[in-house]
Amino acid sequence: MSDHSNTHYDLAVIGGGINGAGVARDAAGRGLKVLLCERDDLAQHTSSSSTKLIHGGLRYLEHLEFSLVRKALAEREILLRAAPHIISPLRFVMPHDTHLRPVWMIRLGLFFYDHLARRVTSPASRFIDLRRHPAGAALQTEFRDGFEYSDAWADDARLVVLNCVDAAQRGATILPRTECITVEREEELWNLRLQVKNGDMFEVTARAVVNAAGPWVERFLDERSPVRARHSVRLVKGSHIVVRKLFDHPYAYIFQNPDKRIVFAIPYEGDFTLIGTTDIEEHGNPSDVAIDAEETRYLCSMVNRYFQRSITSSDIVWSYSGVRPLLEDENS
């Protein structure tokens with residue numbers, strides 16, 4: 001039996017990804033007694049399967065999501081100042097494809113990107129001549145003009161762990177490899193039945209519960225709690241590939257593609273290039289996701305549209321996939 005048995009908390013957080021870790025840290029910093037439980041390891045699933053970026057969401061400006069982008073840009077500046085040891089500025093180069101978005105649209109988008117939130121650590125965007133810019137040498141010669149703007153790189157899994165470390169230092173109880181089996185309402189409190197990986201079971205109570213179970217958020221409500229969701233979520237798989245480095249400079253690339261999506265090519269671990277991501281509806285078990293042949297073909301073909309050096313599936317040294325839950329708002 002765990003020493004945590006029959007302990008009462010102000011807040012119980014279910015899920016040890018970045019959302020659960022952030023909630024636990026914030027609540028503990030406000031003086032609440034907090035418990036976080038995670039079935040597996042911290043950041044084991046979606047939160048360690050990202051594109052490793054802290055970005056403001058440039059592409060969302062095309063959908064007029066100004067409020068979302070403003071919040072993301074402001075948060076990016078906060079994170080750059082708060083965690084410079086795991087988050088660092090990164091300059092992106094966007095080659096201009098004359099068959100896709102016009103120059104004026106990109107200029108306007110980058111103007112908003114520069115001014116929607118106060119910039120402290122991030123330099124402004126600028127128009128560049130790829131024939132003279134260091135990032136132009138790796139690209140096909142048809143791309144002569146481009147744009148350069150700021151975002152940030154992050155060690156995604158470590159960011160989760162450090163949020164949990166800070167939460168623990170503020171008094172939170174962090175329990176990885178501890179699964180919430182059931183949540184039940186008992187008068188003014190929630191009763192949580194928890195199981196450790198070794199099979200030990202124990203119960204705690206909490207005044208409030210946050211469901212931060214990521215791709216399992218809806219399944220958890222349906223199978224383990226008396227609460228029913230007002231909205232459903234749809235699951236989207238994003239896959240990445242890693243190849244030997246395709247360029248030898250510190251810039252990252254953002255590529256526009258004919259399907260209106262974008263693909264990043266980012267310097268990774270010194271000797272590699274990280275490429276992603278895809279966007280595929282997922283209907284299986286989020287724990288079992290992996291890149292498929294069509295996603296591999298898509299990423300390789302998108303990269304080959306821009307770089308002089310072509311890649312195939314045989315060049316891939318590693319790949320990974322994650323599933324993110326999106327609110328189903330019944331919008332096509």
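This is a predicted model, so every value here is computed, not measured.
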Given Tyr253, which of Phe264, Phe247, Phe147, Tyr306 fulfils the ring-ring contact (aromatic ring centres under 6.0 Å, His included) condition?
Phe247
Is a side-chain donor-acceptor pair under 3.5 Å present for Thr205 with Asn191?
no
Counting only N and O atoms by type, is there a donor-acceptor contact under 3.5 Å from the side chain of Lys237 to the main-chain atoms of Ala290?
yes
With a 4.5 Å limit on heavy-atom distance, are the side chains of Pro286 and Arg219 in contact?
yes
Using atom types as modelled and distance alone, determine if a side-chain donor or acceptor of Asp41 lies under 3.5 Å from a backbone N or O of Gln44.
no
For residues Leu80 and Val160: do they belong to one hydrophobic cluster (side chain heavy atoms under 4.5 Å, members Ile, Leu, Val, Met, Phe, Trp, Tyr)?
yes
For residues Leu194 and Met201, determine if any side-chain heavy atom of one lies less than 4.5 Å from a side-chain heavy atom of the other.
no
Exam field: side chain Ser50 to backbone Lys52, donor-acceptor pair closer than 3.5 Å
yes
If hydrophobic clusters are built from ILVMFWY residues whose side chains come within less than 4.5 Å, do Phe255 and Phe127 share one?
no
Exactly one of Thr173, Val34, Leu32 should register a side-chain contact (heavy atoms from CB on, under 4.5 Å) with Tyr9. Which one does?
Thr173
Which other residues belong to the hydrophobic cluster containing Val289, where Ile, Leu, Val, Met, Phe, Trp and Tyr are joined when side-chain heavy atoms lie under 4.5 Å apart, directly or via other members?
Val217, Val233, Leu235, Val323
Any side-chain heavy atom of Leu246 sitting closer than 4.5 Å to one from Val303?
yes
Could you list all the side-chain hydrogen bond (donor to acceptor under 3.5 Å, both in side chains) pairs where at least one residue sits in residues 258-269, not counting sequence neighbours?
Asp259-Tyr298
Short side-chain to backbone donor-acceptor contact, Arg228 and Ser225, under 3.5 Å
yes
What is the distance from atom CG of Leu36 to atom CD1 of Ile174, rounded to the nearest 0.5 Å?
4.5 Å
Does Arg207 make a cation-pi contact with Trp190 (under 6.0 Å, within 45 degrees of the axis)?
no
Determine yes or no for a side-chain-to-main-chain donor-acceptor pair under 3.5 angstrom, with Thr178 supplying the side chain and Val196 the backbone.
no
For the residue pair Val317 and Ile241, establish whether any side-chain heavy-atom pair is separated by less than 4.5 Å.
no
Looking at Cys180, is its backbone amide N or carbonyl O close enough to the side chain of Arg224 to form a donor-acceptor pair, meaning the two atoms are under 3.5 Å apart?
yes
Centroid separation Phe66 to Phe112 less than 6.0 Å
yes
For Glu142, what residues pass the side-chain contact (heavy atoms from CB on, under 4.5 Å) criterion, not counting sequence neighbours?
Gln140
Does some side-chain heavy atom of Leu53 sit less than 4.5 Å from a side-chain heavy atom of Asp151?
no
If you take the centroid of each ring, where Trp contributes its six-membered ring, are Tyr251 and His133 closer together than 6.0 Å?
yes
Leu11 and Val209: same hydrophobic cluster, using ILVMFWY side-chain contacts below 4.5 Å?
no
Of all residues at least two apart in sequence or in a different chain, which pass the side-chain contact (heavy atoms from CB on, under 4.5 Å) check with Asp248?
Lys245
Cut-off 3.5 Å, side chains only: do Ser150 and Ser122 have a donor facing an acceptor?
no
Rounding to 0.5 Å, atoms OG1 (Thr273) and CD1 (Ile275) come to a distance of 6.0 Å
Any side-chain hydrogen bond (donor to acceptor under 3.5 Å, both in side chains) pairs touching residues 15-40, not counting sequence neighbours?
Arg25-Asp166, Asp26-Arg30, Asp40-His45, Asp40-Lys197
Which residue pairs satisfy the salt bridge (charged side-chain N to carboxylate O under 4.0 Å, His left out) criterion with at least one member in residues 280-290, sequence neighbours excluded?
Arg234-Glu281
So Glu184 and Glu203, do their side chains get closer than 4.5 Å, heavy atoms only?
no
Would you please indicate if the ring centroids of Tyr113 and Tyr60 are separated by under 6.0 Å?
no
Under a 4.5 Å cut-off applied to non-hydrogen side-chain atoms, are Leu130 and Pro95 in contact?
yes
